[in-house]
Amino acid sequence: MRQATTLFSGLLLALLGAGAAAAATAEPTQEPQGHFLRPTTLVGKIVDYELSYTHAPDREVIFPDSTAEFKPFEYVGKTFYPTRTRGGQSLDRSVYHLRTFALDSVQSLSLPVTLLQGNDTLTVRSTTATVRLQRTAAATATGAEAPVLRQNTTPLPVPTQFNYPYWLAGAGLLGLLLVSLFLGFRRHLRKRYQRYRLRKNHVYFLAQYARHIERFTLSRSLTNMERAITLWKNYLTGLEDNTISSLTTREIVAHYENDHDVKTALHITDRVIYGNQFSEEEAETDMAFELLRNFAERRYDLVAASLRA
């Protein structure tokens, strides 16, 4: 009987020892340590919180990330450090950058650390760390009246800013209006511009034609007469979009259906230029120049009337 009791006691002690060993293996030997690197902070100012955990080298440890619960603080960032192993112990350490907008005088924080054990996980919270909120306004005694606020309604100068949306909208409406006007009056504007160019070219032709005639009258040079006739042909070519500048006298007369003024004037100028038959009287050559100028003006009037129609 005594031997059986001794055997049962030994088995019980062995089971208790195995359970204690398993419990020692399951439970961490040291809780994670958390503390603020500064004892005080201001509202909205970043304060650093350091979390460290010393454990066995073969233990898998996971520190909280940005999705963890940091209340009453807000997560801003994190600085982690590589695991350091010395003397059979490993040290994991991270610094969290936090800020608070709570108004409690003393604010505390405790973060969880996750331990991986095979297919199971174990969450261990760190020691509670506190930080004191530093107030910038002077505290008033309990029951004391609130300080009197000073009123200041003096307007402050505000720099003028360029209103880009309104100006862009106005520029867009103006551009749309201009495009509409252009599309609506495009034909009228095109004809107006053509009449302007027609009148400008005609005035230029008359001025240059008169200059060649004047030079011919003074010098009696055939070169000036040839220049006057060439100018007349080129002007009619551009005015009526034809090719009389490259036609002979007979072809030009036929083109204008034997017009009396053209036929008479060109026969006189051909006799002078190609036959070198100068008349003692200047009236004949002057008449030729006059007939050609009158014909050019009549053709100009026809083209201008067609544009006004």
Side-chain angles (χ1 to χ4, degrees), residues 16-142 144 146-147 149 152 156 158-159 161-165:
L16 292 175
T25 304
E27 296 295 331
T29 58
Q30 183 180 356
E31 62 183 352
Q33 303 295 315
H35 68 279
F36 289 95
L37 299 185
R38 292 200 313 270
T40 61
T41 187
L42 297 174
V43 174
K45 188 175 183 180
I46 296 178
V47 61
D48 292 335
Y49 170 86
E50 181 179 308
L51 178 65
S52 61
Y53 182 51
T54 302
H55 56 87
D58 58 348
R59 188 180 293 275
E60 298 289 338
V61 178
I62 300 177
F63 275 28
D65 57 10
S66 59
T67 60
E69 185 65 48
F70 292 93
K71 288 185 177 180
F73 300 91
E74 293 183 0
Y75 177 86
V76 177
K78 173 185 175 183
T79 302
F80 67 92
Y81 299 90
T83 302
R84 187 178 61 184
T85 301
R86 289 182 180 178
Q89 293 291 322
S90 296
L91 174 64
D92 286 315
R93 185 166 65 97
S94 293
V95 176
Y96 296 86
H97 312 296
L98 312 174
R99 62 185 174 189
T100 179
F101 293 95
L103 300 180
D104 298 333
S105 300
V106 178
Q107 301 180 28
S108 59
L109 178 64
S110 177
L111 295 180
V113 174
T114 302
L115 308 180
L116 301 181
Q117 297 180 345
N119 295 328
D120 297 330
T121 59
L122 177 64
T123 301
V124 182
R125 300 199 70 86
S126 66
T127 57
T128 301
T130 59
V131 64
R132 185 175 298 275
L133 185 66
Q134 183 179 351
R135 301 183 182 274
T136 57
T140 58
T142 305
L149 300 180
N152 184 5
L156 298 176
V158 178
Q161 294 183 350
F162 189 78
N163 197 331
Y164 288 99

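Note that this is a predicted model, so its numbers are computed, not measured. Every heavy atom of this structure was used, including side-chain atoms; hydrogens, water molecules and symmetry mates were not.
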Looking only at atom types and distance, does a side-chain atom of [X] sit under 3.5 Å from a main-chain N or O of [Y], one as donor and one as acceptor?
X    : Y    : value
R93  : Y81  : no
D65  : T67  : yes
T130 : Q107 : no
R135 : L42  : no

Is the number of heavy atoms from other residues, nucleotides or ligands within 6.0 Å of CZ (R38) greater than 12?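 Check passes, neighbour count above 12.
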
Tell me whether R84 at atom CZ has more than 12 heavy atoms from other residues, nucleotides or ligands lying less than 6.0 Å away.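 No - once you tally the heavy atoms of other residues, nucleotides and ligands closer than 6.0 Å, there are 12 at most.
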
Any side-chain heavy atom of [X] within less than 4.5 Å of one from [Y]?
X    : Y    : value
K78  : S94  : yes
E31  : T127 : yes
F36  : L109 : yes
F70  : Y96  : yes
T83  : L91  : no
V61  : V113 : yes
L116 : I62  : yes
T41  : Q134 : no

Using the test salt bridge (Lys or Arg N to Asp or Glu O under 4.0 Å), find all partners of E74 that sit at least two apart in sequence or belong to another chain.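 For E74 the salt bridge (Lys or Arg N to Asp or Glu O under 4.0 Å) partners, ignoring immediate neighbours, are R99.
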
Do you know the tightest heavy-atom contact between [X] and [Y]?
X    : Y    : value
A129 : G34  : CB-O, 3.3 Å
P64  : P112 : CD-O, 3.2 Å
P72  : S108 : CD-O, 3.6 Å
H55  : R59  : CE1-O, 3.7 Å

Got a second to check how far [X]'s [atom1] is from [Y]'s [atom2], nearest 0.5 Å?
X    : Y    : atom1 : atom2 : result
T85  : D58  : OG1   : CG    : 10.5 Å
H35  : Q33  : NE2   : CD    : 9.5 Å
L111 : T123 : CG    : OG1   : 12.5 Å

Ring center gap for Y53 and F63 short of 6.0 angstrom: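 Here the rings of F63 and Y53 have centres that are no less than 6.0 Å from each other.
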
Listed by chain and number, what are the ring pair (Phe, Tyr, Trp, His ring centres under 6.0 Å) partners of F101, not counting sequence neighbours?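 Listed in chain order: nothing, the list is empty.
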
Please step through side chain to side chain contact (heavy atoms under 4.5 Å, CB included) for the pair L98 and V76, ending with a clear verdict. CA-CA 5 Å; L98 312 174; V76 177; 5.7 Å; no

Test side chain to side chain contact (heavy atoms under 4.5 Å, CB included) on V124 and L115 and set out the steps. CA-CA 8 Å; V124 182; L115 308 180; 3.9 Å; yes

Using distance only, find each side-chain donor-acceptor pair of residues 43-52 under 3.5 Å and give its atom names and separation, not counting sequence neighbours.
| residue | atom | partner | partner atom | Å |
| --- | --- | --- | --- | --- |
| D48 | OD1 | H97 | ND1 | 2.7 |
| Y49 | OH | S126 | OG | 3.3 |

